[in-house]
Amino acid sequence: MKTLIKNVYAFLPDGTTPLTNIMIDRDKIVGVGEVPADFRAAKVIDGKHKFAVPGFVNAHTHASMTLFRSYADDMNLMDWLNNMIWPAEAKMQEEDIYWGAMLAAVEMIEGGTTTFADMYGPYMEKVAEVAIDSGLRAVLSRGIIGVAPDGDKKLEENVSLFNDFHGAEHGRITVMFGPHAPYTCPPDFLKKVSAAAKKCGAEVHIHMAETKAEIEQITKTYGKRPFRYVEETGLFESGTLAAHCVHLDDEDIAIIKKYGIRVAHNPGSNMKLASGVAPVPRLLKEGVCVALGTDGASSNNNLDMLEEINLAAMLHKVNTLDPLAVPARTALKMGTEYGAKAAGLKNVGKIEKGCKADLTLFNMNSAAWYPRNDLASLLVYSAHADSADTVLVDGKVLMEGRELLTLDKERIFFEAQKCAERLTK
């Protein structure tokens, strides 16, 4: 089916925001600009007072953790994990994973997110079902804790997830391998994960260098920092999406550059858990792909990618005392184009001919959007996620005029609340 988005302002790859038209044929953008006389659209979307951007890419999250939103706040990371989150997660069943991810899907679509990179488990096939049913693009990995007695079983589940869902829905679902972190995966286990990922031809999604305590623990145990420790297992050789990367030294950054590791920066979660501030301006300056993620809603406490874009632009200015540290357009690209690259997706994250038709249209008909001096700046510094009006993935409309077209929001709210009450009592 052909779709025309007419008379819309659009954020283009060169950073300009012209008034233009976007032509879509099935799942791809086939033109931006003047509409050819022979382009006959079955659906026309009026872009008046709308600003089109590539759909946001949440490059690191734990979707089903929406069920633990507001359950355990104002704690340090390891206390939060060991004493609150992991005991509650041990109770989770298939229905919890499904409805938690469904709640996440509602929040993501309503906030303009079109792709999410999710590491969680068990029952990650239920998250795949949510991606299929909601229409979102998903990059999924089974979170694997190697020190657990069933670590090998978790690894097998990741292999099964890859075999069952990688490339599903015409490529809308991608599967990576998800070793949790260096402090939960010993070297011999990471070697197993590396071998399995290489055999499948899959990439890896892992938490790295999130806290000072992690650095100290790994260094004390193995005599080397986390990046060197993981490098020696061969894990980085398959292609890596590394979440957090807060506490880095020169050697760590050299390893990141050597293997082309893509970084998922999580400013909101890192701030709330007092984990620290990642050296994002330096990474960007040195050519590292830095994307944005929300982390889980239990540590953020939302899946609002526009908020992460704003935080990325603001946090590094005050941290470096440099107002140019992360400009608005760079932050916006971190949440779109760079996010797609970090997640290993091709032809996603840009509004240009040949790219996937993953788009979000923001309604500019509100006070926060006036005066319209600079639309990209207005989106990053002024607007809120509820300005997201229309969302498309693969050319399919998932939300139009703030109405969800693929999900039953009231049913999802009811089921998610019921699951959360059982898990947290």
Side-chain angles (χ1 to χ4, degrees), residues 1-56 106 108-114 135 304-307 309-310 328-329 331-333 335-337 348-407 409:
M1 185 180 85
K2 291 183 178 179
T3 301
L4 171 65
I5 305 174
K6 67 175 186 178
N7 300 325
V8 67
Y9 290 96
F11 180 71
L12 302 184
D14 63 1
T16 60
T17 58
L19 182 64
T20 188
N21 304 286
I22 302 172
M23 289 146 277
I24 299 167
D25 189 355
R26 288 170 288 187
D27 63 335
K28 288 187 174 63
I29 298 170
V30 294
V32 179
E34 291 295 321
V35 182
D38 61 351
F39 186 85
R40 294 178 175 83
K43 180 177 179 61
V44 177
I45 298 174
D46 186 359
K48 185 178 181 181
H49 294 301
K50 303 291 193 304
F51 182 37
V53 302
F56 296 146
V106 171
M108 287 189 286
I109 294 170
E110 289 191 332
T113 292
T114 54
D304 183 348
M305 277 296 295
L306 185 54
E307 182 176 272
I309 290 167
N310 174 269
R329 281 169 171 74
L332 185 50
K333 287 198 171 191
T336 55
E337 180 181 340
V348 175
K350 294 186 283 187
I351 299 179
E352 68 178 11
K353 184 178 180 179
C355 284
K356 290 286 189 176
D358 293 8
L359 302 165
T360 296
L361 275 59
F362 285 89
N363 186 349
M364 299 191 294
N365 199 22
S366 67
W369 287 92
Y370 287 93
R372 294 178 184 168
N373 294 313
D374 185 322
L375 299 186
S377 177
L378 286 169
L379 179 60
V380 173
Y381 295 126
S382 305
H384 301 285
D386 59 9
S387 292
D389 177 88
T390 300
V391 172
L392 299 87
V393 176
D394 264 353
K396 179 181 178 181
V397 180
L398 308 188
M399 180 174 76
E400 188 169 13
R402 295 293 296 171
E403 179 185 358
L404 292 172
L405 303 181
T406 60
L407 298 174
K409 185 161 67 170

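Nothing here was measured: the structure is a model prediction, and the numbers come from that model. Scope of the values below: all heavy atoms of this structure, side chains included, with no hydrogens, waters or symmetry mates.
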On a heavy-atom basis, the closest approach of Ile351 and Ala52 is CD1-O, 3.5 Å
Using 0.5 Å steps for rounding, measure from the OG1 atom of Thr113 to the CG atom of Asp304. 7.5 Å
Just jot down the ring-ring contact (aromatic ring centres under 6.0 Å, His included) partners of Phe362, sequence neighbours excluded, or say none. Phe56
Between Gly55 and Thr336, the two heavy atoms sitting closest are O-CG2, 4.1 Å
How many angstroms lie between atom OG1 of Thr17 and atom CZ of Arg329, to the nearest 0.5 angstrom? 6.0 Å
What's the verdict on side-chain contact (heavy atoms from CB on, under 4.5 Å) for Lys43 and Val397, showing C-alpha distance, side-chain angles and the deciding distance? CA-CA 10 Å; Lys43 180 177 179 61; Val397 180; 3.8 Å; yes
side-chain contact (heavy atoms from CB on, under 4.5 Å) for Lys2 and Met23? Distances and angles first, verdict last. CA-CA 7 Å; Lys2 291 183 178 179; Met23 289 146 277; over 6 Å; no
Which atoms form the tightest heavy-atom contact between Ile24 and Ala357, and what is the distance? CG2-CB, 3.7 Å
So, for Leu392 and Gly395, which heavy atoms are closest and what is the spacing to 0.1 Å? CD2-O, 3.8 Å
So, for Ala388 and Gly111, which heavy atoms are closest and what is the spacing to 0.1 Å? CB-C, 4.0 Å
Do side-chain atoms of Thr16 reach the backbone of Leu12 as a donor and acceptor pair under 3.5 angstrom? no
Considering non-hydrogen atoms only, spot the tightest contact between Lys409 and Glu110 and give its length. NZ-OE2, 2.8 Å
Mind checking the CG-CG spacing from Asp389 to Leu361? Nearest 0.5 Å is all I need. 7.0 Å
side-chain contact (heavy atoms from CB on, under 4.5 Å) assessment of His49 paired with Arg372: CA-CA 11 Å; His49 294 301; Arg372 294 178 184 168; 3.3 Å; yes
Let me check something: any side-chain donor-acceptor pairs from residues 25-42 under 3.5 Å, sequence neighbours excluded? List them with distances.
from	atom 1	to	atom 2	distance (Å)
Asp27	OD2	Lys356	NZ	2.5

Quick check for you: to the nearest 0.5 Å, what is the distance between Asn7 atom CG and Lys48 atom NZ? 9.5 Å
Would you compute the distance between atom OG1 of Thr360 and atom CE of Met305 and round it to the nearest 0.5 angstrom? 10.5 Å
How many angstroms lie between NZ in Lys50 and NZ in Lys6, if you round to the nearest 0.5 Å? 12.0 Å
Can you tell which of Leu359, Asp394, Asp358 makes a side-chain contact (heavy atoms from CB on, under 4.5 Å) with Thr114? Asp358
Which of Leu375, Val380, Asp374 passes side-chain contact (heavy atoms from CB on, under 4.5 Å) with Leu378? It is Leu375
Which pairs, with at least one residue in residues 370-397 and sequence neighbours excluded, count as a ring pair (Phe, Tyr, Trp, His ring centres under 6.0 Å)? none
Could you tell me if the side chain of Trp369 sits less than 4.5 Å from the side chain of Ser382, heavy atoms only? no
